[in-house]
Amino acid sequence: MDRGRLLIVSNRLPVTARLSGGEVRLTAASGGLATGMKPWHEGSGGLWIGWPGDVARFNQAQRAALDAQLHDRNIVPVYLTAEQVDRYYNGFSNRVLWPLFHYQIDRVPNEMTGWGAYQQVNERFADVVAREYRPGDAIWVHDYQLMLLPALLRQRMPDARIGFFLHIPFPASEVFRILPRRREILRGLLGADLIGFHTFAYMRHFVAALLHIEGVEADIDRVRTGSREVRLGVFPMGIDAGRFARLAENREVIRAAEALRRDAGGRQVVLGVDRLDYTKGIPRRLQSVERLLTREPALRDRIRYIQVAVPSRGEVDQYQRFRREVEEIVGRINGTTGTLRSTPIHYMHRSVPPRDLVALYRAADVMLVTPLRDGMNLVAKEFVASRVDEDGVLLLSEFAGAAAELDGALSVNPYDIDGVADAIARGLAMPAAERRARMARLRRRVMEHDVHAWARSFIESLREGVAPARTRASRRVPSLDVALKRAREAPSIRLLVDYDGTLVPLARTPEEASPDPDLLRLLERLAVTPGIELELVSGRPKDTLAEWLDDIPVSVWAEHGLWHRRGPESPWEATATPPADWTSRLLPILEQYTQATPGSRVEVKTASAAWHYREADPEFGRRQAHELRMLLGDALSNQPFEVLEGKKVIEVRLRGVSKAIVAQRIQSELNEGTALIAIGDDRTDEDLFRALPESALTIAVGHRALRARYWVKDYRDVRRLLRTVAGQARVASQPGDERRTGARHA
């Protein structure tokens, strides 16, 4: 697609407006989103659209000055009334969605007010974005305050390229279903072309919610809605790691860190830095510190715990009560565990400038990041990036999104007060060699996957998506008959044809899928027809294909391109080598599901394994398959394997091994003028279609695959088509004659 501007849409802008001596001043935001999006905002000549904050005290001239300054920065304000902000932001967004998505169900009010304002503000944003939109722009919508916006934009601009990223957790389906407006939220999100999450678990929860609430079943990372395809992706957000590392090397910061260590008087420093929010687990963390000091009184004079609580949403009554609760706990613990020489907990309720914050990170022996639930938690990554000395211990909640990435942290359950106390003690006593080995692993991840890599990954995925259906349909695509005629006029034809579901009907067992005499005669005819080269591209094991096609001189690709044989007399060649122990984690899971699902079976190949459920009860098999693919996604998240869903089969294969390998190999040896024809019936064949050039004639079997230009009804149509290619028959006498051929435009 045309790489036009990027329109960034978020509740808050990358600048804060304030009055100073009657003059309007803009202060740049320092958050991760503003940092990561800055080069894309400026580089594409795009716009940032959002609420500029409370400007009620601005007079008309000051408002005009604000508009001018924002315009100069390519920022478009969405002005909201005080009532709208209170009901949409403080109300529905932060009193309903925020606690619910963070599993704090008891904090969700009985009366979920503010829904009308939430709808109204999302409509207001949609109007502003639609006004600024130009064809070719990409739109990236951010976070839970604007979950209705993608669908509203789709209504106004059907052909727009729209992405959405959720910065907080998407909760388990059972929790999300508590929300009365759950259907509206899901439908709002499905207006996007790409929906991004921090972790695979959040994406899995979203997929489960679609299935249980809307009855929509995702195809791993894709959802069909009408004529559109919505892609789902995992994009773990990073920080501006380089900036934190540079700050950590600053002489003033180093001196400040040394001063903090001296002030600690030889005590080990334990640190917590959080927004003062009930999701961050501060009370339980304080209780863990108290438990440790109670169990080991000698530590009272040997550690200093510094808790920085950054003010947050002070206008919300829940947060006011929460602040009082935290301060009461701090006072009680200092009163019961303090000594004549030491006050164990140093509590600060204020914001900390970046240099002071990095100095704290450098001074800490143990960093406590123990949210009860967190979308990502960037503080953990800030601490790691600041430890240029490759020292220090990170203690991290297993319920933070960052836990899925940060191998090297001490993982804790923040609800387990004794367990967290034990982990703090372990961190304080950890040998230097182990500390450094763990921190080295952490730093590699944080430094390589920073906020810029995150933004680039999402934007490239958004822009690389297929054109919307309406745009595709508007192109002048010749009928299949015309395209076949042109192919037959070429000097030669290269046929890339799938097997199951394409040349034969889908079968319950491997034995039932063996080639019938009619197919064998057709393949033999194609193999000896001058000017035609046939490549059979199958997911079947090489031994099975060799047995079935042993006497036919055609090129065969087995296991989706892992194995290749140029003919019956040629040896099989591998295109990749799987790890030696790849089945150790996978097979026990597949075998458990096989035992629990009558009619299912496991098929193990060289570098892949498949769980077939064609003979299982349809409804039960579908639910089991849904759970299995989510479980496998988690189990293999750090392994070189990927999970795919085909027709009544869940397959795990070596990452990078796909039918795209076949397309790449074929193109590398293609003679000039050769016509490429590719035919397949499922998701694995879309890898092939995607890797072929635009000039290739791609045909999907049984459904309108988004990556194929044409489609036919079933295997019988494919056989008739291949006879046409071989010069034996015509597929249809007129374009669009679907009664005889089933041939249609994709």
Side-chain angles (χ1 to χ4, degrees), residues 5-42 44-94 97-98 114 117-134 137 139-150 152-153 156 164-165 167-168 275 310-316 351 455:
R5 303 178 305 169
L6 177 66
L7 307 188
I8 306 161
V9 190
S10 61
N11 177 63
R12 293 302 298 265
L13 291 169
V15 295
T16 301
R18 61 184 179 85
L19 293 177
S20 176
E23 297 293 322
V24 176
R25 296 282 186 267
L26 294 181
T27 304
S30 58
L33 181 62
T35 302
M37 300 307 300
K38 182 178 179 180
W40 299 93
H41 174 215
E42 297 175 350
S44 74
L47 304 174
W48 197 313
I49 301 170
W51 176 52
D54 183 11
V55 295
R57 295 187 300 110
F58 288 41
N59 59 35
Q60 188 173 356
Q62 291 165 339
R63 178 75 72 87
L66 172 60
D67 286 340
Q69 290 190 43
L70 294 176
H71 180 270
D72 290 343
R73 299 186 184 214
N74 285 340
I75 295 174
V76 178
V78 180
Y79 291 113
L80 304 174
T81 66
E83 182 181 2
Q84 284 176 326
V85 172
D86 184 58
R87 294 178 63 80
Y88 139 81
Y89 183 71
N90 295 328
F92 192 77
S93 293
N94 290 330
L97 294 178
W98 179 266
Y118 188 84
Q119 289 178 297
Q120 185 182 60
V121 170
N122 274 255
E123 291 273 7
R124 171 70 180 138
F125 269 83
D127 290 339
V128 174
V129 175
R131 185 188 70 208
E132 301 293 339
Y133 174 78
R134 300 175 191 167
D137 288 347
I139 304 169
W140 189 357
V141 181
H142 291 269
D143 224 2
Y144 66 104
Q145 301 95 347
L146 300 172
M147 289 194 288
L148 302 181
L149 185 55
L152 296 173
L153 294 174
R156 290 161 171 79
F164 179 90
F165 187 82
H167 290 262
I168 65 174
R275 282 191 308 106
V310 179
S312 176
R313 299 170 186 164
E315 69 279 5
V316 179
S351 297

ring-ring contact (aromatic ring centres under 6.0 Å, His included) partners of F92, counting only residues at least two apart: W115, Y118

Tell me, do D67 and P77 make a side-chain contact under 4.5 Å, heavy atoms counted? yes

Mind checking the CD-CG spacing from Q145 to N94? Nearest 0.5 Å is all I need. 6.5 Å

Looking at CD of E132 and CG of L47, how far apart are the two atoms once the value is rounded to the nearest 0.5 Å? 5.5 Å

Search all heavy atoms of Q62 against all heavy atoms of R57 and return the closest pair with its distance. OE1-O, 3.7 Å

Distance, nearest 0.5 Å, that separates NE2 of H41 from CD1 of I8: 5.5 Å

Salt bridge (charged side-chain N to carboxylate O under 4.0 Å, His left out) against R134, all qualifying residues, sequence neighbours excluded: none

Could you tell me if the side chain of L7 sits less than 4.5 Å from the side chain of R5, heavy atoms only? yes

CD1-CG distance between I75 and L66, expressed to the nearest 0.5 angstrom: 9.5 Å

Measuring from atom CG of L80 to atom CD of Q120, what distance do you get when rounded to the nearest 0.5 angstrom? 9.0 Å

Side chain S351, main chain V310, donor-acceptor under 3.5 Å: no

Within the structure provided, determine whether V128 and V9 are in side-chain contact (heavy-atom separation under 4.5 Å). no

For L148 and E123: C-alpha separation, side-chain torsions, deciding distance, then whether side-chain contact (heavy atoms from CB on, under 4.5 Å) applies. CA-CA 8 Å; L148 302 181; E123 291 273 7; over 6 Å; no

Nearest-0.5 Å distance, NE2 of residue H142 to CD1 of residue I49: 11.5 Å

Restricting to ring-ring contact (aromatic ring centres under 6.0 Å, His included), what partner residues turn up for F125, sequence neighbours left out? none

Nearest non-hydrogen partners of G53 and R12, listed with the distance: CA-NH2, 4.0 Å

Whether Y89 and W51 hold their rings parallel, tilted or perpendicular, with breakpoints at 30° and 60°: tilted

Contact summary for N122 and M147, nearest pair of heavy atoms: OD1-N, 3.7 Å

Please report the closest heavy-atom contact between L13 and P52, naming both atoms and the distance. CD1-CA, 3.7 Å

Give me the atom names and distance for the closest heavy-atom approach of I139 to L153. CG2-CD1, 4.0 Å

Determine, for Y79 and R63, whether the Lys NZ or Arg CZ falls below 6.0 Å from the six-membered ring centre while staying within 45 degrees of the axis. yes

If you compare all heavy atoms of F164 against all heavy atoms of P150, which two are closest, and at what distance to 0.1 Å? CD1-CG, 4.0 Å

